[in-house]
Amino acid sequence: RTGSSKPLSKMPFRLCLMACVVSAVRDPGPLDPAILTSTQLEKLMPYVGNGFLATHPIVGAEGGVGGAYTGNTVFLAGVFNGAQFAPDRSHRAGIPDWVTTVLPPKNTSSSAVKYTLNVEEATLTQRTTWLLKSGGSLRATETHYAHQAHRNLLVHSVELSNDGDDVLTVELHQAAGPDCGGPYGCDVNLATIPAPTGVRLVNGSNLESETNSTPLTVIAIASSLTPNVVRLSGHTSQTVHALSVFTSSLETTETASVAPCERALQLLQGYQTNTSKLLTEHKVAWQDLWENGIEVAGDNNLAATINTSMYFILSSIRDDWEYGLSPGGLASGGYHGHTFWDQETWMWPPLLLLQPHIAKSALQYRYLRQPGAAALANHFGHPGLRFPWESALTGVEAETGGGDLAVCSVYELHISGDICFAFWQYLVAQNSAAWLRDVGAPVIRGIATFFASRMTMLPSGKGYGILHAMGPDEYHPNVNNSAYVNSVAALSIRTAISVSNTLNLPVPANWSDIATGVFLDADPATGLIREYSGYSGQVVKQADAIMLGYPLSSWAESFTDVPNLVINQTTQIANLHYYANRTDSNGPAMTWGLFSIGYLDAGLRTSAQSNFERGYANAQPPFYVWTETPTGGCVNFITGAGGFLQSVLFGYGGIRLTGHALVVAPPEPPGLVTELVLRGVHYLGWRLRVVSTRTGFTLTALSRGDDAVPTLAVALNDGQARPLAVGAQPVVATRPTVMKITALAPSQSK
């Protein structure tokens, strides 16, 4: 475990499991960026989740913004309601929770409340203190968490403390949230069934399945009944545990023939006998996750944004439940709870470096939905795999309207290339032959087959391109030769060639010509790449053509025969300057992080800094909940959190993943930051630590897994390979040194 290099200013020393800060001249953010507080009910309150279930246990003032959630509603990953082409389409189902409320005591003179999000422990607490007219006070500390070790369990503990001399009678009220609490009205049909004393057991299902061949999802909830009254003698405390267990028929493959209601009851009864250990087990599970993370010194606001961004993403996905990520997080019906390109392009890259076991589950979500991708490709008259723009339970296209496919689902086919890119990154970062054979290759080759069919030889010998498509710039559908679409299509095909050669699988004769002959509409005088053929400066919704630099150039650099897809610095600067003035200033949050990375690559630090700060301006204090745009939109917009984290890891962290090496070349830290630490960067089974300061940077090997390559080596500017060893002194470098980390063959490591 790695601690902060310095004690926190004016605070007792503690291990910095999270992004930590040393306050120097000024303190622009919270005193502790892992413990965030407010003494009033904020409009944007945080959620608790564990990747299986999530909820907003404390509803924000005015119900929050974006219409994405309501109170007392729980969301389960994978549980949707609504048919594919229904008016309300398939959407994440809102499920009622059984909520306990502490009623204000009688004869009080005043009260005060404090809300606390402890990111390190993944708990949300409401502490209410009532001053009694007779003297003394009653304090209710309500702690909410979605148990990280026991994924089906939602915990609400209520500690009641009587600080006075009198005996107090405290009333508790327990009631279910509304069955129709979701943004679409009723999503589930639940009925109470007989249960043992002290337990409320309900069973039912969603109302409408996604397709005609999809069964309804059975849902069961077992909740502990809390007492109506608690009597407290003077100067005593008592804790009441309100536990809720959620199960569904989606788990039947793991639980054999046990019905969801029976399993929910069994789990609840087991947890009820072990309440004293529940919080400790939960904290330990989160400590394991925080073994890998990001630390900064010098800027509390930045540290808090890093902490909450990772927390919100990790609360929405887990390694043992393969149901993907959605833009609004798991505790929301935002964007219907669907999985878009946001998963692979924005939220997934930080997981690949810091939590590869969780990153793998996101790819498994796609792998298991190949039938839907094949059906969609066939619908448009093509072979292979065309993944849907929006995916829910089954993997059929979920972006529908008016009984048919909607605009993005018709034209925004680049998502298949985005998925292929993620599969390729996982392959080069983990190098698992079995995974490539069984999981990676079928998806990569299926995507390449689709794109090869979709590519067209353009007139006048320009090369290959895709007509009638849409890039990330959703303001302009049905365009020809989107630079982004053509690039990810060609690189998907080129990746499939490499994978096929590795596995001795056949390669269609035209794949190489298509991959190496793709057309980009570039201005030969300035190097500027037009977003699409005929583009003439219209407003762009979000990052599009600039993405040919970061992240796509690292993909292209892995192959020697697609040099036109590797963006040089001249073209990069031309693209950045041109599109910076044409990108909607009210567009989605993640765009500015990519501008920041691009400017850092070009050596333009001032522009990089301003875009970096703009990239996390939508994280709203005091709990740093993300809004999609400066004025609102989807909440909690963890797509923005992912884009921001990339600007830290791949921008100021200087990390690049290519097919040949892990490249580490961090620039000077941003703004007030004096030290940036990337702890637990995973590469080929090794865990690495990168520390960047004003004077240089270091690389340390932290640990080596059982399935790791035997030897990793780092080469500096001299090209000499230096084997890494766990426990050895850090490798020290000054700028502009570039570290390249590669696996050594046994003969090289001697």
Side-chain angles (χ1 to χ4, degrees), residues 37 39-41 48 55 57-59 71-72 74 96-116 118 121 123-147 150 153-177 192 194-202 221-245 264-265 267-283:
T37 64
T39 55
Q40 64 181 17
L41 185 65
V48 296
T55 186
I58 303 172
V59 181
N72 305 345
V74 174
D97 188 18
W98 192 243
V99 177
T100 297
T101 303
V102 182
L103 300 182
K106 300 176 181 179
N107 300 318
T108 60
S109 59
S110 63
S111 64
V113 66
K114 182 179 181 180
Y115 303 96
T116 301
N118 188 318
E121 298 179 355
T123 58
L124 180 61
T125 301
Q126 175 179 330
R127 175 173 290 185
T128 308
T129 303
W130 293 276
L131 297 181
L132 306 175
K133 293 180 179 178
S134 59
S137 64
L138 171 66
R139 185 174 64 253
T141 303
E142 303 180 56
T143 302
H144 303 267
Y145 56 97
H147 208 290
H150 306 298
L153 177 61
L154 191 62
V155 179
H156 176 198
S157 66
V158 182
E159 182 185 16
L160 301 169
S161 299
N162 180 3
D163 296 332
D165 297 327
D166 296 341
V167 176
L168 297 179
T169 299
V170 183
E171 296 183 49
L172 303 179
H173 177 70
Q174 192 175 41
T192 302
T197 302
V199 174
R200 176 180 183 265
L201 186 61
V202 299
I221 310 168
S223 303
S224 55
L225 298 177
T226 55
N228 295 325
V229 173
V230 175
R231 291 180 61 82
L232 286 175
S233 300
H235 304 285
T236 62
S237 298
Q238 184 174 334
T239 300
V240 175
H241 295 279
L243 309 180
S244 294
V245 171
L265 180 59
L267 289 173
L268 177 65
Q269 291 174 329
Y271 300 143
Q272 286 177 318
T273 64
N274 196 34
T275 55
S276 62
K277 297 181 180 179
L278 288 177
L279 182 57
T280 299
E281 292 171 341
H282 171 71
K283 291 178 181 179

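No hydrogens, no waters, no symmetry mates; every other heavy atom, side chains included, goes into these values.
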Exercise. With no hydrogens and no angle check, do the side chains of Ser137 and Asp163 hold a donor and an acceptor under 3.5 Å apart?
Worked result: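 Present: a donor and an acceptor within the cut-off.
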Problem set entry | Pair Gln174, Thr100: side-chain N/O donor-acceptor within cut-off below 3.5 Å | yes
Report yes if some heavy atom in the side chain of [X] is under 4.5 Å from a heavy atom in the side chain of [Y]; otherwise report no.
X	Y	result
Trp130	Val102	yes
Thr128	Pro104	no
Thr125	Asn118	no
Glu142	Pro57	no
His241	Ser224	no
Thr116	Arg127	no
Thr55	His144	no

Closest heavy-atom pair and its distance - [X], [Y]:
X	Y	result
Pro194	Leu201	O-CD2, 4.0 Å
His282	Glu121	NE2-O, 3.0 Å
Lys133	Ser109	CG-N, 4.0 Å
Ser244	Trp98	OG-O, 4.2 Å
Pro105	Leu138	CG-CD2, 3.8 Å
Ser233	Val167	CA-CG2, 4.2 Å

Mind checking the [atom1]-[atom2] spacing from [X] to [Y]? Nearest 0.5 Å is all I need.
X	Y	atom1	atom2	result
Leu168	Leu232	CG	CG	6.5 Å
Asn162	Thr169	CG	OG1	10.0 Å
Leu153	Leu267	CG	CG	8.5 Å
His156	Thr101	NE2	OG1	7.5 Å
Leu243	Leu225	CG	CG	11.0 Å
Thr39	Lys114	OG1	NZ	9.0 Å

For this session: May I ask you to check whether over 12 heavy atoms, not counting those of His235, lie within 6.0 Å of atom NE2?
Result: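 For His235, atom NE2 is crowded (more than 12 foreign heavy atoms under 6.0 Å).
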Exercise. For the side chain of His147 and the backbone of Leu278, is there at least one donor-acceptor N/O pair under 3.5 Å apart?
Worked result: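 Yes, because the side chain of His147 sits within donor-acceptor range (under 3.5 Å) of the backbone of Leu278.
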Exercise. Out of Leu131, Leu132, Thr129, which one pairs with Thr108 under the side chain to side chain contact (heavy atoms under 4.5 Å, CB included) rule?
Worked result: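 Filter result, single survivor: Leu132.
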Problem set entry | Thr123 and Val155: CA distance, side-chain angles, deciding distance, side chain to side chain contact (heavy atoms under 4.5 Å, CB included) verdict | CA-CA 10 Å; Thr123 58; Val155 179; over 6 Å; no
